[in-house]
Each structure stands twice: as structure tokens, then as C-alpha cells.
**Q** 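The structure under discussion is supplied below as C-alpha cells; questions concerning it will follow.
The model shown is predicted, which means the values in this text are computed figures rather than measured ones.
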Amino acid sequence: MDLIEARYLIETPFDPAKIAAIIAGEQSSGTFVRVAGETEELRERCAAKVLSVTELAPATEPSLQSAFLQAKGITGPYRRAEIRVGFPTGNIGRNLATLAATVSGNLYDLGEITGLKLLDVKLPASYRDLYDRPVAGTQGTRSRMKVEGRPFFGTIIKPNVGLRTNDIADLVEQLCEAGVDFIKDDEVCANPASAPLTERIPAIMARVRNYRDRTGRDVMIAFNITDETDAMRRHADLIEDEGGSCAMVSMNWVGLSALQTLRASTPLLLHGHRNGFGALSRHPLLGMAFPAYQTLYRLTGVDHMHVHGMGGKFCDDDAEVAESARLSGQPLCDGGGADDIVLPVFSSGQWAGTVPETVKAVGTADFMFLAGGGILAHPSGPAAGVRSLQHAWEACASGNSLETQAKTSPELAEALAFYGNKA
């Protein structure tokens, strides 16, 4: 029997093995009492299985409150454990929303627990094959952009909101000339009154096509089309009609099913932005860790996935960011190929000085490095900002320190002096 393996961190005043059994039952064929139709044959075929229980050091205080426990007068110590539960794939089929409901769903509401975090989800290859793969992923993005042997360097439209269509088009033209590979909208700018997508997409793509025709170099624009599903499909069609190749979507707010529908309806690359992920992940005993999260959202067929940034402005430590990037750059299943790898996207407070740790974290040039202020606020302008990133990469590739490289790169030297004081 093929099983989807979910790994959890739990906290409970009860025996963790008992809670593991409750989780397996609640999320498959059982409920709080045995019912008439729950035959042994059905249980054998459909019941989830507890694969392992590894107890950890207990806590004296609960991480989360439970009215269920309070009503029963049950207190600590609060035992913690990592548990693994296997769910039969036949219970779910090709149904991503139900997969998510199975491995998480009501588990967070169980009265017996004072903490639960979904750490990871592992899929058998036969189940992964039911879902779409990226249309481009890492290698396909390289082929389309003709960028080889180095990372992708990109930026974000700033100010985040408020610019009018012509202002954005002017900025995009300036950034193309500056040498960026990739430009994306901010996550809070999708279809504002100041620059609606029906106006913004044609205006920007006219500038990009002109630059492409004149130089032979393409720049990928990720328009933020986050919206209800039909609107996203309409705007994706408009991007394609105007010669664009990419759409950005805020994954958490459109959801798994809408992303699946969008993937099935457009050949565009999908740039997956994970804004809001902290609401799922920041508490150590509540929510969902990135390994589980990326498994679910990669099954939608996204091509790029944000992983935050090394030494950035968000809450993740560098080890978490590095692990997120490593997972994004691997197939979802053992034996998977290059067609099942997404491009990790580093963003948040990035500049030339964070390039070396990013290169170290990834171990290759297969990543996208987005710098908003790190390009646009460079003292000598955006073109110098782009060159500072390129020269930082060249330092890494040649084994030089940034300080050594800066002796022959005034753009990098300026970046180190300017951003280094702010980092």
C-alpha cells in the first residue's frame, strides 16, 4: 500500500503514542467511537498507520491552551514527541485540497494537544506523478532567459504601491537598461486603481518588447495577478498576449486549488510568493514548517518559490533559509528528475553583501537573487546596483573576498560602504 508520510511535532499531557493513534484515526477511517460500518476490511484498506513515535524532553507549561483539558482538570507535565503517520493514497486520490485537509485539517483543533506542528510531508513517486510539474522550473527559466553559469539577478518595483502606470513603465525601462534579469511587482500591488493590470501589462510589455528587439536580451516580468481565479486567468491570458512569460501569485491567499486551476490554464511561469507564511510557521508548536508547506504548494506546478533571504530583514535564521533553498532545488520524490525542481528565490533585505552567504547556502548558481533597495537605492543608481551584485557573484566564483573584489569594482565598494552601515 502506498502511504503519504506526515511528520509532526506534538505536545500533550497524554501518552504521545495514544495521541498518534488519535491522529491516525481522526484523519482516516475512524472517529471518537467505533461505528457500524468500520469493518476490519475497511480499516485494513483505509486506516492511517502510526509509523513511529519518538519522545522528546517534556515541558512544564503548555504551549497552547485547551478548553477540553481545562474542563477535565488535566494538567502537565506536557510530553513532546515527533510522530510519523502514514496515510493511504487511495483515501485521497488526485485532490490537493483533501491532501492538505488530511495531513493537517482538524488536527490543530484536537483538545488533547497543547501543541502540534506539521514538519514534513513525504510522497511516494506514484502519488507525485498525479500532479503537474513546473512548466519551466530552474533549467527552463535558464533556457528562456538565456542566463547560464550564474544566478538570476532581479528586483522589485518600488515604491510598493502608488506609482501610476507610466511611472512603472518608465522604471521598468530603466531597470532593463540597468541589466536586471527579472522584475516583479510587490506582493501588495496587484490591481490598484493607480495602475490597473489591464493598463499596466500592455504599457510595460511594450517597453520590454522594444528593449528585447533592440538588444536581443530578454527581461522576465512577474506581474502580480493575485485575485479570484477567473480574474487571474484573464490577466494571465493578457500577459501571454502581450509577449510576457511570467505571473506572480501570493500562494497563501489564492490557495492550493486556485493555483492548480491557474497552472492548468496557462503556459506562463508561475512565481510563487509565500507572504503570510510566518502565520503558519513562526510558533514552534503550531502550524506548518517549510518542508511540509513547499511539498503542498509545489504540487500545484509553480516554477519559482520564495525562501526569504540570508541575513535578511525577516524572522528566519540563516539555517532555515538555507534548508528552504535546498529543498526547493531538489525533486519532491527520490528518483525525481530536473523537471521537478523549482527555482529558489531569495528576497528581503538583500544586497551585494548577502551574496556570499547565499552562494554558500545553495552551493551552486541555481537561484534567483532579488534586491529591491539593494539595487534601486545604490548611491550611483540602479545600474551600479546591478553591477555590485554581479561583481559580488564574480568574487564568490573566483574565491575572492568582497573586499578584494571591491578594489577593482567601484560599484561593489560603494555598496559595501553604503549598505554595510545599514545591515
**Q** Should Thr138 and Asp366 be marked as a side chain to side chain donor-acceptor pair (under 3.5 Å) after you check the CA-CA gap, both sets of side-chain angles, and the distance that decides it?
**A** CA-CA 7 Å; Thr138 298; Asp366 287 339; 5.8 Å; no
**Q** Any salt bridge between Asp181 and Arg150, counting N to O under 4.0 Å?
**A**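 Yes, this pair counts.
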**Q** Would you call Arg263 and Asp303 a salt bridge, using N to O less than 4.0 angstrom?
**A**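 Looking at Asp303 together with Arg263, the answer is yes, because their closest N to O distance falls below 4.0 Å.
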**Q** Would you please indicate if the ring centroids of His306 and His271 are separated by under 6.0 Å?
**A**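 When the ring centroids of His306 and His271 are compared, they turn out to be within the sub-6.0 Å range.
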**Q** Give a yes or no on whether a salt bridge exists between Arg233 and Asp230, defined as a side-chain N under 4.0 angstrom from a carboxylate O.
**A**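 Between Asp230 and Arg233 there is a salt bridge, with a charged N closer than 4.0 Å to a carboxylate O.
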**Q** Using atom types as modelled and distance alone, determine if a side-chain donor or acceptor of Ser66 lies under 3.5 Å from a backbone N or O of Gly111.
**A**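 Present.
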**Q** For the backbone of Pro344 and the side chain of Ser328, can you confirm whether one donor and one acceptor N or O come within less than 3.5 Å of each other?
**A** no
**Q** Write out all pairs satisfying side-chain hydrogen bond (donor to acceptor under 3.5 Å, both in side chains) with one or both partners inside residues 368-392, taking only residues at least two apart or from two chains.
**A**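 For residues 368-392, and leaving out neighbouring residues, the side-chain hydrogen bond (donor to acceptor under 3.5 Å, both in side chains) pairs sorted by first residue read Ser380-Glu414, Arg387-Glu411, His391-Ser409.
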**Q** Is it the case that the side chains of Glu11 and Thr114 hold a donor-acceptor pair, with the cut-off being a distance below 3.5 Å and no angle test?
**A** yes
**Q** So with a 6.0 Å cut-off around CG of Asp317, is the heavy-atom count from everything else above 12?
**A** yes
**Q** Check whether any side-chain N or O of Asp318 sits under 3.5 Å from a backbone N or O of Met310 as a donor-acceptor pair, and report yes or no.
**A** no
**Q** Using atom types as modelled and distance alone, determine if a side-chain donor or acceptor of Lys49 lies under 3.5 Å from a backbone N or O of Pro88.
**A**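 No; judged by distance alone, with no hydrogens or angles, the pair does not exist.
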**Q** For Leu332, is there any backbone N or O sitting under 3.5 Å from a side-chain donor or acceptor partner on Asp340?
**A**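 Looks like yes, one N/O pair under 3.5 Å.
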**Q** Verify, without hydrogens or angle tests, whether Thr295 (side chain) and Pro291 (backbone) share a donor-acceptor contact under 3.5 angstrom.
**A**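 Yes, the answer is positive, given that a donor and an acceptor are paired below the 3.5 Å cut-off.
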**Q** Could you tell me whether the side chain of Tyr131 and the main chain of Gln260 form a donor-acceptor pair under 3.5 Å?
**A** no
**Q** Describe, in one word, how the ring planes of Phe277 and Tyr293 are oriented to each other, choosing from parallel (under 30°), tilted (30 to 60°) and perpendicular (over 60°).
**A** tilted
**Q** Mark yes or no for whether Ser63, through its side chain, and Leu285, through its backbone, hold a donor-acceptor pair below 3.5 Å.
**A**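 No.
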**Q** Is a donor on one side and an acceptor on the other found under 3.5 Å between the side chain of Asp132 and the backbone of Thr300?
**A**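 Not at all, since once roles are kept as given, no pair shorter than 3.5 Å links the two residues.
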**Q** Please tell me whether His308 and Ser324 have a donor and an acceptor in their side chains that are separated by less than 3.5 angstrom.
**A**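 Distance-only check fails for His308 and Ser324.
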**Q** Using a 6.0 Å cut-off, check whether atom CZ of Arg282 has over 12 heavy atoms from anything other than its own residue.
**A**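 Count not over threshold, so no.
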**Q** Please name all residues satisfying side chain to side chain donor-acceptor pair (under 3.5 Å) with Glu240, sequence neighbours left out, ordered by chain then number.
**A** none
**Q** I'd like to check Val85 versus Leu3 (side-chain heavy atoms, cut-off strictly below 4.5 Å). Are they in contact?
**A**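 Side chain of Val85 against side chain of Leu3, heavy atoms only: no contact under 4.5 Å found.
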**Q** I need the minimum non-hydrogen distance between Trp393 and Ala365, along with the two atoms involved.
**A**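 That closest heavy-atom pairing would be CH2-CB, 3.6 Å.
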**Q** So does Ile10 get a backbone contact from the side chain of Arg80, meaning a donor-acceptor N/O pair under 3.5 Å?
**A**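 Not confirmed, Arg80 side chain does not pair with Ile10 backbone.
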**Q** Apply side-chain contact (heavy atoms from CB on, under 4.5 Å) to the pair Asn224 and Lys184, showing each step before the final yes or no.
**A** CA-CA 7 Å; Asn224 182 1; Lys184 79 170 190 70; over 6 Å; no
**Q** So for atom CZ, which belongs to Arg164, do other residues, nucleotides or ligands contribute more than 12 heavy atoms lying within a distance under 6.0 Å?
**A** no
**Q** Would you call Arg200 and Asp185 a salt bridge, taking side-chain N to carboxylate O under 4.0 Å as the test?
**A** yes
